[in-house]
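Here the structure comes first, spelled out in structure tokens, and everything after it is commentary.
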Amino acid sequence: MIFLFNQHWDIIPGKEEEYTQFAINHYIPTMKKIGINPVGGFHVVVGEGPRVISVGSVDSLQKLQKAMETEEYERMTAKIQRYVFNYCSKILKPTGRVKTDKYTIQLRVWKFNQYFNIIPGKEDEYANFVKNDHLPTMEKMGIKMTGGWHVVVGPGPLIVAEGTATNIVDIAKALDSDEYKRITKLLTSTFVTEYSSRILAPTGRIELPYILGKMMKGF
């Protein structure tokens, strides 16, 4: 099973360049070394902060625990505090409502994520709504649902519905459609509480080392 380890923070004003150098030269290599695979870095352009989200993946909670117990993780987490504030972390596991066999780096994509809690007693009705209406409608509008996640450790809401698009224009068109308004009104009025959403842009800090690594293998 795939688990995500998400870290959230804001960059201290004036520390952006130092932070970028630290992220590329220390944070990403350390995460890889201890067994947490960096698969995405995003900036929240619409929605609540913290503004930066780093996404790592592991294939078991045991591996994540082992990684977090290392001295390298402890040192790296302490060092990053020099450049960021509003730090928090979350562990997410798949809900099973969206097929998630693996989770790898997705190049040049934007995210439209929805966050909420399912109303107790509405779980079965919610699952039918997601399968028969929400997922196909979102994909019809150009937002592919690439993940359904349950927050098992960290602050809520507990459900994250992860949508992916190639650019913000496609997301904006979808959000302006009558169909999106219909399914969102139905979702929030019937099945869930504490609803919010975010539009996330790729920072490039995860993708750039990945692309350069692929290029170097060709030499």
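This one's a predicted model, so the numbers in the text were calculated from it and none came from an experiment. We use all heavy atoms of the structure for the numbers below, so side chains are in, but hydrogens, waters and symmetry mates are not.
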N-O pairing of K66 and E69 below 4.0 Å: no
Within one Ile-Leu-Val-Met-Phe-Trp-Tyr cluster: V192 and V151, side-chain cutoff 4.5 Å: no
Neighbour count above 12 (heavy atom, 6.0 Å) for D178 CG: no
Straight-line distance of L158 CG to I118 CD1, nearest 0.5 Å: 9.0 Å
Exceeds 12 heavy-atom contacts within 6.0 angstrom, atom NZ of K181: yes
Side-chain heavy-atom pair M1, P94 within 4.5 angstrom cut-off: yes
Check against side-chain contact (heavy atoms from CB on, under 4.5 Å), Y103 and L4: CA-CA 9 Å; Y103 200 95; L4 297 186; 4.0 Å; yes
Non-hydrogen atoms of P38 and M31 that approach each other most closely: CG-CB, 4.0 Å
Residue pair I34, I36: steps toward the side-chain contact (heavy atoms from CB on, under 4.5 Å) verdict: CA-CA 6 Å; I34 64 177; I36 301 175; 4.2 Å; yes
Close aromatic pair by centroid cut-off 6.0 Å: Y115 and W149: no
For the student: nearest non-hydrogen atoms of L135 and R97, plus distance: CD1-O, 3.6 Å
From C88 atom SG to H8 atom NE2, the distance as rounded to the nearest 0.5 Å: 5.0 Å
Within the 6.0 Å centroid threshold, strictly below: F191 and F129: yes
Lys/Arg-Asp/Glu bridge criterion (N-O < 4.0 Å) met for K111, E162: yes
salt_bridge(R198, E48) N-O dist < 4.0 Å: no
Sidechain-backbone polar pair: N132 side chain, N128 backbone, donor-acceptor under 3.5 Å: yes
Side chain to side chain, I11 and V52, heavy atoms closer than 4.5 Å: yes
Minimum heavy-atom distance S89-Y87, with the two atoms named: CB-OH, 4.0 Å
Under 3.5 Å donor-acceptor, T70 side chain and A67 backbone: yes
Derivation and outcome, salt bridge (charged side-chain N to carboxylate O under 4.0 Å, His left out), residues K140 and E179: CA-CA 10 Å; K140 179 182 177 181; E179 278 290 85; 5.1 Å; no
Short side-chain donor-acceptor distance under 3.5 Å, Y27 and Q7: yes
Separation between OH of Y195 and OG1 of T188, rounded to the nearest 0.5 Å: 7.5 Å
Spatial distance of atom CG (L187) from atom CD (Q114) [nearest 0.5 Å]: 6.5 Å
Verdict with supporting geometry, E17 and Q21, side chain to side chain donor-acceptor pair (under 3.5 Å): CA-CA 6 Å; E17 186 173 344; Q21 292 300 317; 5.6 Å; no
Spatial distance of atom OG (S57) from atom CG (N37) [nearest 0.5 Å]: 4.5 Å
Pairwise side-chain contact, F22 with R82, heavy-atom cut-off 4.5 Å (strictly under): no
Shortest non-hydrogen separation from A174 to I143 and the atoms involved: CB-CD1, 3.7 Å
Connected via hydrophobic side-chain network under 4.5 Å: L200 and I171: no
Atom CD of E74 with >12 non-hydrogen neighbours under 6.0 angstrom: no
Worked check of side-chain contact (heavy atoms from CB on, under 4.5 Å) between L186 and D133: CA-CA 10 Å; L186 184 57; D133 196 352; 4.2 Å; yes
Cluster link I80 to I12, ILVMFWY, side chain under 4.5 Å: no
Linked, directly or transitively: L92 and F116 (ILVMFWY side chains, under 4.5 Å): no
Beyond-backbone contact of E72 with K33, side-chain heavy atoms, under 4.5 angstrom: yes
Donor-acceptor contact below 3.5 Å, side chain R51 vs main chain W9: no
Spacing of CG belonging to N113 relative to CD1 belonging to I53, to within rounding of 0.5 Å: 7.0 Å
Shortest non-hydrogen contact from V98 toward T146: CG1-C, 3.9 Å
Heavy-atom side-chain contact between M76 and K79 under 4.5 Å: no
Over 12 non-hydrogen atoms of neighbours within 6.0 angstrom of NZ in K144: no
Cluster check V109, V169: I/L/V/M/F/W/Y, side chain < 4.5 angstrom: no
Residue pair V55, F42: steps toward the side-chain contact (heavy atoms from CB on, under 4.5 Å) verdict: CA-CA 8 Å; V55 183; F42 297 95; 4.3 Å; yes
Side-chain heavy-atom pair D10, V84 within 4.5 angstrom cut-off: no
Least distance between heavy atoms, N86 atom then P50 atom: O-CG, 3.3 Å
